[in-house]
Amino acid sequence: MGARLATGHLLFKWFFFCLILIIIFMLYAPYKNIEIEPTMRSKTEVVSAIPTPNLANSSPKIEVPKHFVHTSQCMIPYINPFSAEALKIYTPRKFIPCSNESELVSALYDVNRQRYVLHINEPVAKKLLNSSEREFNCFYREIQHGEKAETYDMLKPSKYFSQDYVVPLHVEGLMLQCETAEIPSVKLQKDAYIFIQYRPNMNTTKPSIKTHPRKPSVIMYGIDTLSRINLRRTMPLVYKHLQGPGWYEMQGYNKVGDNSFPNIFAILSGYSPEKAKEHVCDTDKSGCLDEIPMIWKYFSNASYLTAYAEDESPSNTFSYLKPGFTKKPTDYYFRPFLRALECEADNYNCPGCRMTYCYGRRLANSYIYDYGRQFMQRYVEERPIWGMFWTNHFSHDDYFMPSAMQHKVLGDLINFEKDGSMEHTIMIFFADHGVRYGSLLSLAEGYLEERLPMMFIYLPPWFRQQYPQFTEALALNQHRLSSNFDLHNTLKHIIEIGGTPDGPALPRSYDCPTCQSLFYPIAENRTCSEAGIAEHWCTCHPYRNIDQLHWTNRIAPRVIDRMNEYFVHKNLSHLCSNLTLNYIHRTEIKMSVDVSWEDDLPELEIAVYRTKFKVIQNSADFEATVVFNNKTEAVDVNVENISRTNSYKDDSTCISDKIAKLYCICFSDIKA
Ligand SMILES: *[C@@H]1O[C@H](CO)[C@@H](O)[C@H](O)[C@H]1NC(C)=O
Ligand SMILES: *[C@@H]1O[C@H](CO)[C@@H](O)[C@H](O)[C@H]1NC(C)=O
Ligand SMILES: *[C@@H]1O[C@H](CO)[C@@H](O)[C@H](O)[C@H]1NC(C)=O
Ligand SMILES: *[C@@H]1O[C@H](CO)[C@@H](O)[C@H](O)[C@H]1NC(C)=O
Ligand SMILES: *[C@@H]1O[C@H](CO)[C@@H](O)[C@H](O)[C@H]1NC(C)=O
Ligand SMILES: *[C@@H]1O[C@H](CO)[C@@H](O)[C@H](O)[C@H]1NC(C)=O
Ligand SMILES: *[C@@H]1O[C@H](CO)[C@@H](O)[C@H](O)[C@H]1NC(C)=O
Ligand SMILES: *[C@@H]1O[C@H](CO)[C@@H](O)[C@H](O)[C@H]1NC(C)=O
């Protein structure tokens with residue numbers, strides 16, 4: 001029954017030698033028999049292929065740009081990621097591997113048969129057994145999609161498999177274990193694999209990539225919480241790779257919402273959650289996300305195959321404080337497998353990490369990106385595909401952890417190239433936002449750090465050749481102001497490029513009628529509001545953090561005085577409590593165009609400030625943009641322009657004035 005290891009036998013050794021040769025041949029032969037979990041292998045290749053950058057030596061050669069964007073209406077300064085202040089808090093993280101053991105069972109893809117094969121690595125078995133005499137058995141349990149879109153069924157019963165077992169086509173994921181044949185058995189190794197099984201395109205009327213006009217595939221490779229500044233700081237090798245031919249960096253890409261959901265939602269749907277609630281449905285309600293006209297529905301209608309994958313299920317874009325999907329949203333949908341990995345594998349959180357770092361023997365993100373890699377390997381040469389592959393786990397909580405992951409990510413990008421997938425694919429390498437809390441935000445440039453996620457777009461050679469005008473526009477737009485809504489329109493544009501020219505135009509971003517495809521030149525004089533970016537998130541006239549300066553504490557109390565006078569003026573004093581300062585969250589000064597970011601702040605008598613503070617009464621939070629005179633302490637502010645940044649629902653039940661409700665804390669509603 002077990003795979004017995006005969007030893008000392010010459011014939012066996014010879015056979016074994018041949019087998020190794022065959023495997024090597026299969027791995028590197030031109031017909032591409034590909035290993036599924038290539039990350040460890042490619043990591044070592046990458047490490048040896050690319051010398052560690054010597055930043056001290058290389059920086060003088062590179063001319064440091066002064067601006068990300070420098071237009072008549074928008075000035076986004078370039079930030080040196082290695083400034084002295086940043087380096088004071090930056091400590092690169094060390095990569096922690098999930099396992100030091102070699103894999104006992106590899107999943108290989110046999111390109112000729114178009115089937116996955118489970119290959120038992122005998123030398124690894126010998127090592128794990130401590131002996132060549134003992135027998136062992138391997139079993140797997142299939143992971144199946146559950147009835148509900150977001151979960152999996154119980155694992156199927158254990159099934160024995162032997163050397164080079166051909167995985168049945170219906171198996172899309174499995175957990176496996178090998179153990180000694182004795183009783184009681186000793187576990188040798190557990191592992192898990194998730195597959196993109198090839199399904200032939202039965203419908204011959206559906207276009208292959210050979211149809212005209214050719215449809216480009218689109219793959220979105222996303223990393224949570226990574227600004228273009230922090231990418232340059234923590235992943236310089238990845239950044240260098242993204243300077244290669246065909247890559248374009250949208251250096252004026254500015255986020256449109258606070259956290260992941262509104263930013264990703266804008267890209268995928270063209271809506272803000274608020275406008276979707278008004279015009280489609282409330283994304284907080286179960287079933288709504290199924291109704292939203294997500295971009296993958298348009299791709300699917302244009303006969304693209306679709307896929308979606310994320311790690312760390314509690315933080316998933318459509319599940320964190322959201323109800324998720326009730327129907328499977330895309331042709332390939334990872335979340336049920338993710339739930340199985342989370343519940344059934346031996347998982348590991350790195351020290352101090354809240355999110356799961358390893359599912360069993362592998363990095364959480366490697367499952368996601370391998371899923372994307374397989375998706376491309378299976379289909380991209382044959383038919384157009386769209387997929388989004390997103391990781392949360394390493395970058396969401398520790399903004400320096402990307403430094404530990406740069407070889408992993410670079411390895412992915414290099415593998416996609418080696419596979420030939422980039423020949424067919426428009427790739428979007430992106431983040432949702434930058435760091436939203438912690439010490440990076442308290443740097444002078446924290447304002448920009450938070451608002452400028454990385455955004456890179458790759459165009460394959462044939463596309464650049466066939467559409468030089470789109471390519472030129474994209475190149476130009478690298479230094480123009482752009483937003484999530486433009487990216488949404490670009491995706492729609494891509495669908496149309498490959499569609500029938502006289503077909504109806506797809507609806508563009510609902511929330512930003514003035515937004516456009518990035519394949520057309522963006523106006524030089526574009527403003528934030530034209531790009532669908534609210535004033536609060538706009539970096540065109542950036543603010544500089546001045547928390548650490550004590551004198552700024554004089555501003556918020558003067559703003560509160562104005563608010564109390566407002567209650568008197570509105571005859572609300574008998575209903576609304578006067579407010580008193582609890583503490584100041586943050587104060588920023590608006591930068592003028594001619595001031596260098598690195599310089600000390602010039603002495604200004606009058607300047608524009610933004611201050612965010614909390615009052616004692618019911619812990620209400622406010623944010624005010626004001627003109628403050630540093631000498632006289634006079635504050636110029638229209639109280640009705642002050643933002644209330646937490647919920648006021650239970651604080652102002654005594655009045656009905658819609659605007660005053662934002663500021664009034666009723667005596668009757670005061671919490672003790
Ligand atoms: C791998 O080896 C390193 C160095 O010996 C050790 O610190 C680490 O704990 C090991 N990791 C695992 C998962 O066993
Ligand atoms: C092999 O030896 C190691 C270390 O002594 C032990 O932990 C492990 O359980 C042994 N493996 C088997 C299959 O007995
Ligand atoms: C997809 O096509 C179907 C059938 O033509 C249509 O009813 C549906 O509205 C389309 N969906 C989108 C998102 O375009
Ligand atoms: C931008 O320039 C165009 C002409 O090039 C002009 O029509 C438009 O009004 C300008 N917009 C702004 C906001 O200045
Ligand atoms: C509340 O503030 C107003 C305006 O500053 C002031 O006139 C009034 O005396 C204050 N009321 C109390 C009870 O402090
Ligand atoms: C406030 O009350 C006074 C006297 O009761 C009245 O004259 C005035 O018009 C009121 N102001 C507002 C804004 O309602
Ligand atoms: C405001 O005044 C303080 C001293 O009162 C000074 O230290 C600070 O630099 C001034 N700020 C500006 C922006 O002029
Ligand atoms: C208040 O907001 C309105 C609309 O956003 C704006 O037009 C006005 O200039 C603002 N007033 C002040 C004093 O900031």
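Counting convention: from 1, in listed order, for ligands and their atoms alike. Predicted model only: the values in this text are computed from it and were never measured.
Nearest protein heavy-atom contact of atom 11 (N) of ligand 1 is N100 ND2, 3.0 Å. Remark: minimum distance from atom 12 (C) of ligand 3 to any protein heavy atom is reached at N301 ND2, 3.3 Å.
Inside a 4.0 Å radius of atom 5 (O) of ligand 1 there is not any protein heavy atom. Remark: atom 9 (O) of ligand 1 lies closer than 4.0 Å to no protein heavy atom. Within a 4.0 Å radius of atom 14 (O) of ligand 3, the protein contributes at least one heavy atom. Less than 4.0 angstrom separates atom 2 (O) of ligand 1 from at least one non-hydrogen atom of the protein.
Distances shorter than 4.0 angstrom occur between a heavy atom of C98 and an atom of ligand 1. Distances shorter than 4.0 angstrom do not occur between any heavy atom of K187 and any atom of ligand 2.
The closest side-chain donor-acceptor pair between E342 and T356, if any, does not fall under 3.5 angstrom. Residues E142 and Y140 bring no donor and acceptor atom of their side chains to less than 3.5 Å of each other. Side-chain atoms of R339 and S313 include a donor-acceptor pair closer than 3.5 Å. Using modelled atom types, one finds a donor on one side chain and an acceptor on the other under 3.5 Å when comparing D311 with T391.
Among the atoms of T180, none of the N or O lies under 3.5 angstrom from an N or O of ligand 2.
Applying the 4.0 Å criterion to heavy atoms of N130 picks out, from ligand 2, the atoms 1 (C), 2 (O), 3 (C), 8 (C), 10 (C), 11 (N), 12 (C), 14 (O). Applying the 4.0 Å criterion to heavy atoms of R134 picks out, from ligand 2, the atoms 12 (C), 13 (C), 14 (O). With ligand atoms numbered from 1 in the order given, ligand 2 contributes 13 (C) to contacts under 4.0 Å with heavy atoms of V186. Near L128, with a cut-off below 4.0 Å to any heavy atom, the atoms of ligand 2 are 11 (N), 12 (C), 13 (C). In summary, the atoms of ligand 2 found under 4.0 Å from a heavy atom of L188, numbered by their order in the structure, are 13 (C). Within ligand 3, counting atoms from 1 as listed, the ones closer than 4.0 Å to a heavy atom of K297 are 13 (C).
A cation-pi geometry, defined here as NZ or CZ lying under 6.0 Å from the six-membered ring centre and within 45° of its normal, holds between R199 and Y332. Judged by a 6.0 Å distance limit and a 45° cone about the ring axis, K492 is positioned over the six-membered ring of Y298. A cation-pi geometry, defined here as NZ or CZ lying under 6.0 Å from the six-membered ring centre and within 45° of its normal, does not hold between K408 and F95.
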Problem - Trace of the salt bridge (charged side-chain N to carboxylate O under 4.0 Å, His left out) decision for K322 with E150 - result: CA-CA 12 Å; K322 295 283 168 192; E150 305 287 50; over 6 Å; no

Exercise for the section: Check step by step if ring pair (Phe, Tyr, Trp, His ring centres under 6.0 Å) holds for F318 and F325. Expected result: CA-CA 8 Å; F318 300 109; F325 299 97; 5.1 Å; yes

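Remark: K277 NZ is loosely packed, at most 12 non-hydrogen atoms of other residues, nucleotides or ligands lying under 6.0 Å away.
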